[in-house]
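These notes are about the structure you will find just below.
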There are 2 protein chains.
Amino acid sequence: MTSAGPRPTSRDVARAAGVSQATVSLVLRDKWHGRVSPATVESVRAAARELGYRPNLAARSLRLGRTRTALLVVPALTNEFFARVHTGAARVAAEHDLGVVLYPSPEGVGPARDPFESARATLDGVIASSMAAHALSALREGGLPLVMLDSSPDDPAAAATVNPDLADGMRQTVAHLLGLGHRRIAHLTAGIDSWTFAGRARALDAALAATPHGGPDGGPPPTLVRTAAAELSVTGGLRAAARLLGSRPRPTALVCDDDLLAAGACKAARRLGLRVPEDVSVTGFDDLALATAVEPELTTVRLPAEEIGAAGMHALLAVLDGRQAPTPVLPVQLVPRGSSGPCAAS
Amino acid sequence: MTSAGPRPTSRDVARAAGVSQATVSLVLRDKWHGRVSPATVESVRAAARELGYRPNLAARSLRLGRTRTALLVVPALTNEFFARVHTGAARVAAEHDLGVVLYPSPEGVGPARDPFESARATLDGVIASSMAAHALSALREGGLPLVMLDSSPDDPAAAATVNPDLADGMRQTVAHLLGLGHRRIAHLTAGIDSWTFAGRARALDAALAATPHGGPDGGPPPTLVRTAAAELSVTGGLRAAARLLGSRPRPTALVCDDDLLAAGACKAARRLGLRVPEDVSVTGFDDLALATAVEPELTTVRLPAEEIGAAGMHALLAVLDGRQAPTPVLPVQLVPRGSSGPCAAS
DNA sequence: CCCCGCAGGTTATACGTAAAACTCATCAGC
DNA sequence: GCTGATGAGTTTTACGTATAACCTGCGGGG
């Protein structure tokens with residue numbers, strides 16, 4: 001740990017160990033088997049440790065033509081869901097000695113420049129959320145291994161896809177609400193044109209269509225109305241829910257595509273003098289920290305955000321290694337809380 | 001845009017433009033004044049555009065010994081505040097053609113490895129939140145330009161410091177509460193040993209001490225009790241607030257160090273049958289999205305998170321350019337909302 | 001007329017690493 | 001005693017860029 005002077009290079013280590021630079025390179029990357037004697041290996045390792053040697057990654061990247069760096073493209077980190085996706089992806093990356101660089105969209109508007117302009121390095125691969133629509137066309141043309149999160153499994157540009165089991169999430173939600181006696185159901189969507197939310201709408205439709213005629217207890221069949229929020233935020237949810245709750249007949253349950261929207265819906269209900277869940281039930285999606293901060297706490301579908309990020313990185317690593325990339329569908333779980341309850345007689 | 005084959009290099013551009021590689025380098029970095037004729041400049045630029053040339057950053061970094069990359073060290077991106085700090089820092093970095101790599105602490109526990117082990121590149125500088133205590137000692141020894149966020153201005157290791165005006169934030173909060181008639185004030189701190197929260201405690205003490213004896217309207221002087229939450233979360237706030245609200249005489253106002261804690265405090269109050277703000281007022285810090293999602297909405301001190309990140313990056317850029325680094329204190333603003341109200345006669 | 005200065009380039013080299021090609025003993029086998 | 005293989009390294013080169021040092025005409029001043 002003689003920490004004086006500039007960074008030591010592999011040549012410095014070589015000098016200290018009395019060997020050539022090539023030997024240092026071989027030893028430190030564990031490619032010495034059958035080429036270097038154990039004694040020499042030890043002395044090289046000791047010298048490296050002594051000098052506090054760290055390989056210069058710029059030089060390594062230049063030599064290898066690869067950077068061991070992945071680009072993660074998400075709409076915005078201020079969305080807790082994507083912050084958690086990043087957490088998971090970064091953890092797995094660190095375990096495999098990969099770097100992660102972020103390309104979040106600047107606050108919903110288009111990108112300042114294209115992702116490869118702003119990327120700090122030649123990239124080895126890309127993991128992108130389908131919500132980051134702004135960047136997708138550029139990514140497809142990048143010729144890089146691409147893993148899509150929350151996107152169609154048949155996307156031809158994607159080497160792999162990672163999805164939460166939205167269909168099951170909506171099934172659980174519908175079963176929960178029908179079981180509570182709800183028949184007039186409203187769907188509050190995010191009004192964002194992405195596979196993510198289109199998929200939720202389809203999943204909800206399918207779940208309702210799969211309901212035995214008249215619902216589990218033989219009542220009238222469920223009906224659905226749908227409204228899109230202007231933006232993915234509490235305020236957006238509030239405005240859209242106010243519209244829904246003003247319509248007649250009033251829905252008794254609101255299925256929201258996101259916890260932010262659900263929180264807004266609860267606020268809207270209260271402003272209209274409606275109690276949650278006595279007068280109207282509200283369910284969300286994601287299980288953000290928000291869900292247990294509001295009162296009543298939100299019944300919501302917990303999506304495994306970290307696992308999605310981690311699975312995305314695993315898939316990318318597989319592609320980079322030339323292995324067959326998995327295309328997992330991750331399980332989700334409805335978490336019943338206070339915002340949903342039995343349907344009051346209307 | 002002949003996009004076939006491997007990435008073009010500056011030598012390819014040189015060939016296409018009929019000049020030497022050195023000339024290409026000069027032209028594309030705008031260092032040609034007085035050394036290259038305007039006509040040649042144009043032909044080089046045209047060739048670069050035609051080939052879709054992008055400089056190889058690994059090679060550039062190797063040559064220059066600098067990477068134009070900054071490390072941002074924060075506790076966790078899932079904390080909305082730090083996600084916003086990152087947003088601001090990344091925006092400024094992009095404007096100056098700098099890269100940002102993140103080093104978030106893995107979920108509150110110590111780092112997997114030291115920051116320089118995991119950093120993807122030789123770094124030019126570091127911006128660190130004082131809450132990322134786990135990494136600080138390593139950072140100090142890194143010998144890199146260091147900008148501290150939310151930290152003591154006299155930190156000898158820091159080349160610059162960026163702080164929100166906590167003292168003013170607490171002054172505004174105290175003035176607000178005293179104006180509403182509150183005298184028994186409780187402080188709910190985060191129980192995290194960092195300058196951030198120690199500073200808030202000092203700022204609150206100072207604000208109370210500066211109060212004219214007996215408060216603005218001549219009533220009895222304000223009193224303060226203080227409790228630390230076990231963790232920086234809604235649940236942590238709930239537990240700690242339950243303790244505070246169970247004590248006699250019961251405080252009439254809770255000043256919380258963070259909106260998460262404040263949201264938890266509101267929940268605790270309601271569980272004890274207390275109304276917010278009629279029976280107890282609650283204020284927060286940060287103005288997270290959460291603050292307007294809960295009901296009542298939180299009175300809170302809005303911290304300019306993006307600006308903090310941006311100012312940190314500006315300071316780092318200044319240091320890297322050898323300029324005098326600014327050490328700004330950014331203004332904050334109390335946002336009065338529904339969680340604070342007049343003190344009911346006790 | 002010669003040398004200078006300058007515009008407008010070019011040549012050569014270094015950055016630190018990885019890896020292919022090469023060296024040089026030693027030793028087994030025939 | 002010579003061949004060939006093997007172990008244990010070394011030498012050399014390439015990756016793509018930035019920049020210092022070097023050329024080469026050409027017009028003007030002395």
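Below, chains carry the letters A, B, ... as their sequence lines are ordered, and counting in each starts from 1.
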(request) Would you mind telling me which of C:dA12, C:dT10, D:dG9 lies closest to the side-chain atoms of B:Gln21? (result) C:dA12
(request) Can you figure out which of C:dA19, C:dG8, C:dT17 approaches the side chain of A:Thr9 most closely? (result) C:dT17
(message) Just to verify, what does A:Asp150 make a side-chain hydrogen bond (donor to acceptor under 3.5 Å, both in side chains) with, not counting sequence neighbours?
(response) A:Thr196
(request) For B:Asp12 and B:Thr9, indicate whether the former's side chain and the latter's backbone hold a donor-acceptor pair under 3.5 Å. (result) yes
(message) With a 4.0 Å cutoff (strictly under), does any side-chain N or O of B:Ser37 reach OP1 or OP2 of C:dG9?
(response) yes
(message) Closest approach to the side chain of B:Ser10, judged atom by atom: which nucleotide of D:dT17, D:dT12, D:dG9 is it?
(response) D:dT17
(request) Give A:Leu62 one of three labels, base, sugar-phosphate or nothing, depending on what nucleic acid heavy atoms sit under 4.0 Å from its own. (result) base
Protein-nucleotides 20-26 of chain D N/O pairs closer than 3.5 Å?
none

(message) Applying side-chain hydrogen bond (donor to acceptor under 3.5 Å, both in side chains), can you list everything that pairs with A:Thr23, at least two apart in sequence or on another chain?
(response) A:Ser20
(message) Taking any heavy-atom pair under 4.0 Å as a contact, classify A:Ser61: base, sugar-phosphate, or nothing.
(response) nothing
(message) Tell me which residues in residues 23-34 of chain B lie within less than 4.0 Å of DNA chain C, going by non-hydrogen atoms.
(response) B:Thr23
(request) Provide, to the nearest angstrom, the distance between the CZ atom belonging to A:Arg66 and the C1' atom belonging to D:dG16. (result) 17 Å
(message) Taking the nucleotide of DNA chain D with the nearest heavy atom to each, does A:Ser20 or A:Arg11 sit closer to the 5' end?
(response) A:Ser20
I'd like a table of donor-acceptor pairs (distance under 3.5 Å, sequence neighbours excluded) in which one partner is a side-chain atom from residues 317-327 of chain B, with atom names and distances.
{"from": "B:Asp321", "atom 1": "OD2", "to": "B:Arg323", "atom 2": "NH1", "distance (Å)": "2.9"}

Check residues 37-44 of chain B and write down every donor-acceptor pair under 3.5 Å in which the side-chain atom is one partner and the other belongs to a residue at least two apart or another chain.
{"from": "B:Ser37", "atom 1": "OG", "to": "B:Thr40", "atom 2": "N", "distance (Å)": "3.3"}
{"from": "B:Ser37", "atom 1": "OG", "to": "B:Thr40", "atom 2": "OG1", "distance (Å)": "2.9"}
{"from": "B:Ser43", "atom 1": "OG", "to": "B:Thr40", "atom 2": "O", "distance (Å)": "3.0"}

(message) Given D:dT10, D:dG16, C:dT10, identify the nucleotide with an atom nearest to the side chain of B:Ala59.
(response) D:dG16
